[in-house]
Asker: 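The structure follows.
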Amino acid sequence: MAIQTDIAIVGGALAGATLALALAKHTQWRITLITGSALPSANLRESAEEDIASSRVVALNETSLRFLTQLGINPLAQPHTHCTYRDMHVWDGEGTGEVNFSASDNHMERLGVIAQSEALVSELLQGVAGQSRIQMIANNPVVAFSEGNDGVKVIGLSSGERVKANLVVAADGAHSFIRDAANIPVQKKPYGQSAIVATVELERGHNAAAYQCFSSDGPLAFLPLPSVGDKHYCAIVWSQDNNKAHALSQLDDSALALALERGIEKRLGRVLGVYHRALIPLLEQHAEQYGTRGVVLVGDAAHTLHPLAGQGVNLGFADVSVLVDELGRAERRGLSVQAPCVVTRYQRRRKLHNAAAIKAMALFKMSFEQRSPYFTLLRNTGMHIFNQSTHLKKRAMALAAGTMI
């Protein structure tokens, strides 16, 4: 016997869990959340130091923080699962251009928050578990997807169970099974780069600042993490051309630490340790449509972009917010979740904005790949002018915070 539901959400990470919780709070639809992974532990590891060193992180802007807070989720509740940053330093590693942002310049409390992904997902799923109208199916991957004669979508699970839903939301990431099974076309463009991600221990504290150095091979970002006693940490994202990224990933910890020191120009002193590194291929992709009858895409299933500005998760939360708004609107009008206006309006409100963000990241990346000395001079002159313009920096900070759409 199949499980019957109004909305089935496939993917229990940030976008999927947030969508389930938001729908439960703002609509009366029956919701089933399906994840192929086991539920994360609600407990931190044995020590804060171990927890920080093994973490993967996301950068949350003010709009995302406000959205989560409205859902009863507080990413700032646990001191060892986040770090607020108030300043950001961005510079050209092959020139003299530098731009410095400070929250105080725009009368802001902070520029953003670096949060541990696992801790945030855990808190979201605890919130989901407290909602009686959400049925959660965990550790049960989706293996089949079809449409019945009545238009109802049928999801087959590895356990042999089936879920029948009037609407299926693909929140299952960049390699979305649901998106591909629904034959929704995607434009894909490899960046020719891979990102090394890791946690590093530093000689000096970061002073609640993020640091990003650009070179023709790709950007290196040091994102602040909480200190533990006299030990200081940052998460790093080092995007490099594929061959160089692979070579760097093969270095031992000492050699990689030295390369990171040089890459960030020793602005934070020596790199004392490198933990839990991974190499991630980078791919630009954008779905040609954000849904079809009975299927809708959110987050990475709909779009992925270069991580140089850390906006991927914030675009996903914006997708979720708009989709909840449109599904709530349909419910108030007495329409089905399959009503064409749901996908049409959701796509109209999100696709152009996401496309602009993807294009902006591609252009930004391309501008630093130019090796001509004349282009370097032009780029650095532009950075100097930008850094002197309070108005332009305020607009850039507002845009990054999600308050200018």
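Keep in mind it's a predicted model, so treat the numbers as computed, not measured.
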Asker: Can Arg293 and Glu147 be counted as an ion pair, charged N to O under 4.0 angstrom?
Answerer: yes
Asker: State, to 0.1 Å, how close Gly312 and Leu305 come at their nearest heavy-atom pair, and which atoms those are.
Answerer: CA-CD2, 3.8 Å
Asker: If the threshold is 4.0 Å, N to carboxylate O, is there a salt bridge linking Glu62 and Arg110?
Answerer: yes
Asker: Between Ile236 and Leu260, is any pair of side-chain heavy atoms under 4.5 Å apart?
Answerer: yes
Asker: If you measure from the Lys or Arg side-chain nitrogens to the Asp or Glu carboxylate oxygens, is any gap between Asp253 and Arg277 under 4.0 Å?
Answerer: yes
Asker: So how far is it from Leu225 CG to Ile114 CD1, rounded to the nearest 0.5 Å?
Answerer: 7.5 Å
Asker: Evaluate the side-chain hydrogen bond (donor to acceptor under 3.5 Å, both in side chains) criterion for residues Thr199 and His276: first the C-alpha distance (whole Å), next the side-chain angles of each, then the deciding distance (0.1 Å), finally the verdict.
Answerer: CA-CA 7 Å; Thr199 301; His276 296 275; over 6 Å; no
Asker: Testing Ser158, Ser37, Ser159 one by one against Pro141 for a side-chain contact (heavy atoms from CB on, under 4.5 Å), which residue passes?
Answerer: Ser158
Asker: Donor-acceptor pair, distance only, cut-off 3.5 Å: does the side chain of Lys351 make one with the backbone of Glu288?
Answerer: yes
Asker: Please tabulate, for side-chain N and O atoms in residues 21-29, each donor-acceptor pair with protein atoms closer than 3.5 Å (sequence neighbours left out).
Answerer:
| from | atom 1 | to | atom 2 | distance (Å) |
| --- | --- | --- | --- | --- |
| Thr27 | OG1 | Leu23 | O | 2.8 |
| Thr27 | OG1 | Trp29 | N | 3.4 |

Asker: Taking side chain as C-beta onward, heavy atoms only, is Lys189 less than 4.5 Å from His286?
Answerer: no
Asker: Not counting sequence neighbours, list each pair that qualifies as a salt bridge (Lys or Arg N to Asp or Glu O under 4.0 Å) and has a residue in residues 310-322.
Answerer: Asp319-Arg350
Asker: Step by step, work out the side chain to side chain contact (heavy atoms under 4.5 Å, CB included) result for Gln347 and Gln289.
Answerer: CA-CA 7 Å; Gln347 176 170 292; Gln289 58 195 69; 3.6 Å; yes
Asker: From Asp6 CG over to Ile31 CD1, what is the distance, rounded to the nearest 0.5 angstrom?
Answerer: 8.5 Å
Asker: Take Lys153 and Leu167 through the side chain to side chain contact (heavy atoms under 4.5 Å, CB included) test and state the conclusion after the steps.
Answerer: CA-CA 7 Å; Lys153 307 302 179 183; Leu167 177 68; over 6 Å; no
Asker: Please enumerate all residues that pass side-chain hydrogen bond (donor to acceptor under 3.5 Å, both in side chains) together with Asp105, with sequence neighbours excluded.
Answerer: none
Asker: Using side-chain heavy atoms (C-beta onward) and a distance below 4.5 Å, is His89 in contact with Cys213?
Answerer: no
Asker: Which heavy atom of Ala8 sits nearest a heavy atom of Val163, and at what distance?
Answerer: CB-CG1, 4.3 Å
Asker: Once you round to the nearest 0.5 Å, how far does OG of Ser249 lie from CD1 of Ile280?
Answerer: 12.0 Å
Asker: Find out whether Phe145 and Val168 are in side-chain contact, i.e. whether some heavy atom of one side chain is under 4.5 Å from a heavy atom of the other.
Answerer: yes
Asker: Is a donor on one side and an acceptor on the other found under 3.5 Å between the side chain of Asn314 and the backbone of Ser64?
Answerer: no
Asker: Evaluate the side-chain proximity of Glu284 to His306: yes if any heavy-atom separation is below 4.5 Å, no if none is.
Answerer: no
Asker: How close do Ile9 and Ala171 get, heavy atom to heavy atom, and via which atoms?
Answerer: CG2-CB, 4.2 Å
Asker: For a quick test of reading the model, state the closest non-hydrogen atom pair linking Ala17 to Leu124 and the distance between them.
Answerer: CB-CB, 3.9 Å
Asker: Ignoring hydrogens and geometry, is there a side-chain-to-backbone donor-acceptor pair from Glu94 to Phe214 under 3.5 Å?
Answerer: no
Asker: Quick check: does any side chain N or O of Asn207 sit under 3.5 Å from a backbone N or O of Ala209, one acting as donor and the other as acceptor?
Answerer: no
Asker: Without swapping roles, check the side chain of Asp252 against the backbone of Ser254 for a donor-acceptor pair under 3.5 Å.
Answerer: yes
Asker: For residues Leu223 and Ala210, report the shortest heavy-atom separation together with the two atoms involved.
Answerer: CD2-CB, 4.4 Å
Asker: Do Leu68 and Pro75 touch side chain to side chain, with heavy atoms closer than 4.5 Å?
Answerer: yes
Asker: With the side chain counted from C-beta on, respond yes when Cys341 and Glu326 share a heavy-atom pair under 4.5 Å apart, and no when they do not.
Answerer: no
Asker: Checking side-chain contact (heavy atoms from CB on, under 4.5 Å) between Trp238 and each of Ile264, Leu220, Leu279, which is the one that passes?
Answerer: Leu220
Asker: Is there a donor-acceptor contact under 3.5 Å linking the side chains of Asp300 and Thr304?
Answerer: no
Asker: Where the side chain of Tyr346 meets the backbone of Leu297, is there a donor-acceptor pair that is under 3.5 Å apart?
Answerer: yes
Asker: How long is the gap from CG on Asn354 to NE2 on His303, to the nearest 0.5 Å?
Answerer: 3.5 Å
Asker: With a 3.5 Å distance limit and no angle check, can you tell me whether Ser194 reaches the backbone of Ala245 through a side-chain donor-acceptor pair?
Answerer: no
Asker: Any non-hydrogen side-chain atom of Phe317 less than 4.5 Å from a side-chain atom of Thr18?
Answerer: yes
Asker: Return the OG to CD distance between Ser336 and Glu331, rounded to the nearest 0.5 Å.
Answerer: 11.5 Å
Asker: Walk me through it: do Thr35 and Asn139 pass the test side chain to side chain contact (heavy atoms under 4.5 Å, CB included)?
Answerer: CA-CA 6 Å; Thr35 174; Asn139 205 20; over 6 Å; no
Asker: Answer yes or no on whether Arg267 is positioned over the face of Trp91, meaning its NZ or CZ is under 6.0 Å from the six-membered ring centre and within 45° of the axis.
Answerer: yes
Asker: Short question: side chain of Asn106, backbone of Met108 - any donor-acceptor pair under 3.5 Å?
Answerer: no
Asker: Under 3.5 Å, side chain of Thr81 to main-chain N/O of Gln78, donor-acceptor pair present?
Answerer: yes
Asker: Of all heavy-atom pairs between Ser117 and Val57, which one has the smallest distance, and what is that distance?
Answerer: OG-C, 3.7 Å
Asker: Is Arg349 paired with Asp325 through a side-chain N to carboxylate O contact shorter than 4.0 Å?
Answerer: yes
Asker: Looking at Glu203 and Gly269, would you say the former's side chain and the latter's main chain have a donor-acceptor pair under 3.5 Å?
Answerer: no
Asker: Do Val343 and Thr292 pass the side chain to side chain contact (heavy atoms under 4.5 Å, CB included) test, and can you show the C-alpha distance, the side-chain angles, and the key distance before you say yes or no?
Answerer: CA-CA 7 Å; Val343 172; Thr292 184; over 6 Å; no
Asker: Can a side-chain donor-acceptor contact be found between Gln193 and Asn242 if the only test is distance below 3.5 angstrom?
Answerer: no
Asker: Could you grab the distance from atom CD of Glu123 to atom CD of Glu118, nearest 0.5 Å is fine?
Answerer: 13.0 Å
